[in-house]
Amino acid sequence: MYEQINRYATRCLPFTNEELQIFNSLLEPRHVPKKTFLLQEGEICNFEAYVVKGCIRNYYIDENGFEVILQFATEDWWTGDIASFYEQKPSRLFVETIEDCDLLLFNPQTKEELLTRVPKFERVFRLMVQRSLAATINRLINTISKTAQEKYLDFIERYPHLPQRVPQHYIAAYLGISPEFLSKVRARLAKKQE
């Protein structure tokens, strides 16, 4: 179960077997069935979760009552609400499993213990935050500057495995368009490919 997360860490820095054993000993393995909330709006996020297997969505409800999906987390991604986790303040997000998931979790205490015992992991988590920030900035630029069709094509190129794993209305909520409009976009693209 730990091979995948250990590969993730060693892509950032070399670690000794002892350092990886400390890392692994502080992670909590958890199997979570699909359609389970890991976090709901108003709760304090007490975890950072690494996805070994499965798919998760992070979203909020806008002022009109619509779900706005901020992130899909699949294998080899981390998820949670970083602001709520570090500030220990109520979250504005929902974090829900889309598929059955196998996760490895830190809570604030176990993460702090890891960083105290193996300070090199600070770099791993800094790189993780940089990766997430880069993806968020890229997504923000696409949302502002691209048409619905361009956003969808970019989504398919960036996440080719997701359309088979998540419902179309979730993809629409991620792209910021209605499911009906996404259907039209997909129909137009299918016609062009004929």
Side-chain angles (χ1 to χ4, degrees), residues 4 30-45 47-85 89-105 128-194:
Q4 191 175 324
R30 190 182 300 170
H31 177 78
V32 183
K34 69 180 178 180
K35 298 192 179 206
T36 300
F37 284 102
L38 299 172
L39 179 69
Q40 294 191 56
E41 181 181 26
E43 297 175 349
I44 293 174
C45 183
F47 68 89
E48 285 186 341
Y50 175 82
V51 182
V52 176
K53 182 175 177 265
C55 184
I56 295 172
R57 68 185 180 127
N58 291 17
Y59 68 97
Y60 71 94
I61 308 289
D62 73 10
E63 63 280 354
N64 299 313
F66 294 108
E67 291 180 3
V68 179
I69 296 179
L70 300 175
Q71 176 195 39
F72 292 108
T74 59
E75 292 79 10
D76 210 29
W77 269 88
W78 290 83
T79 193
D81 180 343
I82 193 167
S84 176
F85 183 83
K89 292 185 177 171
S91 179
R92 296 184 56 211
L93 301 180
F94 294 87
V95 179
E96 182 185 20
T97 58
I98 297 172
E99 300 172 341
D100 289 347
C101 292
D102 291 323
L103 308 174
L104 295 169
L105 295 96
M128 177 185 84
V129 169
Q130 287 174 332
R131 178 184 176 196
S132 179
L133 181 59
T136 300
I137 289 170
N138 205 10
R139 175 150 187 261
L140 182 60
I141 290 169
N142 286 345
T143 299
I144 293 168
S145 65
K146 293 190 173 182
T147 66
Q149 182 171 314
E150 289 169 332
K151 286 191 263 189
Y152 179 68
L153 289 171
D154 185 64
F155 176 83
I156 299 252
E157 182 180 322
R158 197 172 296 276
Y159 309 108
H161 62 287
L162 277 179
Q164 292 79 41
R165 296 176 71 177
V166 303
Q168 182 172 310
H169 66 277
Y170 286 175
I171 295 171
Y174 179 85
L175 297 175
I177 59 178
S178 71
E180 296 77 20
F181 194 69
L182 178 57
S183 289
K184 289 177 185 174
V185 167
R186 291 174 58 158
R188 247 181 292 161
L189 288 169
K191 257 188 191 168
K192 282 183 182 178
Q193 291 177 348
E194 290 176 357

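Values reported hereafter were calculated over all heavy atoms of this structure, with side chains retained and with hydrogens, waters and symmetry mates removed.
- Not counting sequence neighbours, the partners of Glu75 by the salt bridge (Lys or Arg N to Asp or Glu O under 4.0 Å) test are Arg165.
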- request: Please assess Asp76 against Tyr50 for the test side chain to side chain contact (heavy atoms under 4.5 Å, CB included), listing each intermediate value before the final yes or no.
  value: CA-CA 7 Å; Asp76 210 29; Tyr50 175 82; 2.5 Å; yes

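- Although no hydrogens or angles enter the test, the distance criterion places a donor-acceptor pair under 3.5 Å between the side chain of Asp62 and the main chain of Asn64.
- Side chain of Thr97 to main chain of Lys35: a donor-acceptor pair is present (N/O by atom type, distance under 3.5 Å, no hydrogens or angles).
- Note that the CG atom of Asn138 and the CG atom of Leu133 stand 11.0 Å from one another [nearest 0.5 Å].
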task: Kindly indicate, with the supporting measurements, whether the criterion side chain to side chain contact (heavy atoms under 4.5 Å, CB included) is fulfilled by Arg57 and Val166.
output: CA-CA 10 Å; Arg57 68 185 180 127; Val166 303; over 6 Å; no

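- In summary, of the residues considered (Val52, Leu103, Asp102), a side-chain contact (heavy atoms from CB on, under 4.5 Å) with His31 occurs for Asp102 alone.
- Summarising the geometry, atom CG belonging to Leu182 is positioned 11.5 Å from atom NE2 belonging to His169; distances are rounded to the nearest 0.5 Å.
- Closest approach of Leu189 to Gln149, counting heavy atoms only: CD2-NE2, 3.5 Å.
- Side-chain atoms of Glu67 and Ile61, non-hydrogen and from C-beta on, do get closer than 4.5 Å to each other.
- Atom CZ of Phe66 sits in a sparse spot, with 12 or fewer heavy atoms from other residues, nucleotides or ligands closer than 6.0 Å.
- One distance of note links CD of Glu43 with CG of Leu39; it measures 5.5 Å at 0.5 Å rounding.
- Put simply, SG on Cys55 and CD on Glu96 are 10.5 Å apart, with the number rounded to the nearest 0.5 Å.
- In this structure, the separation between NZ on Lys146 and OH on Tyr152 is 15.0 Å, given to the nearest 0.5 Å.
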- prompt: Yes or no on ring-ring contact (aromatic ring centres under 6.0 Å, His included) for Tyr159 and Phe72, after CA distance, side-chain angles and deciding distance?
  reply: CA-CA 10 Å; Tyr159 309 108; Phe72 292 108; 7.7 Å; no

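- Distance alone, capped at 3.5 Å, places no donor-acceptor pair between the Thr79 side chain and the Ala49 backbone.
- For the atom pair CG of Leu38 and CG of Leu93, the computed distance is 12.0 Å after rounding to the nearest 0.5 Å.
- Smallest separation of non-hydrogen atoms from Leu70 and Arg139: O-NH1, 3.3 Å.
- Taking the side chain as every heavy atom from C-beta outward, Thr74 and His161 approach each other to under 4.5 Å.
- Judged by the 6.0 Å distance and 45° axis criteria, Arg131 is positioned over the aromatic ring of Trp77.
- Within the structure, salt bridge (Lys or Arg N to Asp or Glu O under 4.0 Å) contacts touching residues 171-186 (residues at least two apart or in different chains) do not occur.
- In terms of heavy atoms, Gly54 sits closest to Cys101 at CA-SG, 3.8 Å.
- Judged by distance alone, the side chain of Asp100 and the main-chain N or O of Pro33 form no donor-acceptor pair under 3.5 Å.
- Counting all heavy atoms, side chain and backbone alike, Gly42 lies closest to Pro90 at O-CB, 3.4 Å.
- Counting only heavy atoms from C-beta outward, the side chains of Leu162 and Ile171 never approach each other to under 4.5 Å.
- Ser84 contributes a side-chain N or O that, together with a main-chain N or O of Lys89, makes up a donor-acceptor pair within less than 3.5 Å.
- When all heavy atoms of Ile69 and Tyr170 are compared, the pair lying nearest together is CD1-O, 3.3 Å.
- Every pair tested for ring pair (Phe, Tyr, Trp, His ring centres under 6.0 Å) that includes a residue from residues 175-194 fails, sequence neighbours excluded, so the list is empty.
- In terms of heavy-atom proximity, Leu105 sits nearest to Arg30 at CD1-CB, 3.7 Å.
- A donor-acceptor pair under 3.5 Å links the side-chain atoms of Asn58 to the main chain of Gly80, judged by distance alone.
- Checking side-chain atoms of Thr136 against main-chain N and O of Ser132 turns up a donor-acceptor pair under 3.5 Å.
- Around the CD atom of Glu157, the shell of radius 6.0 Å holds no more than 12 heavy atoms that belong to other residues, nucleotides or ligands.
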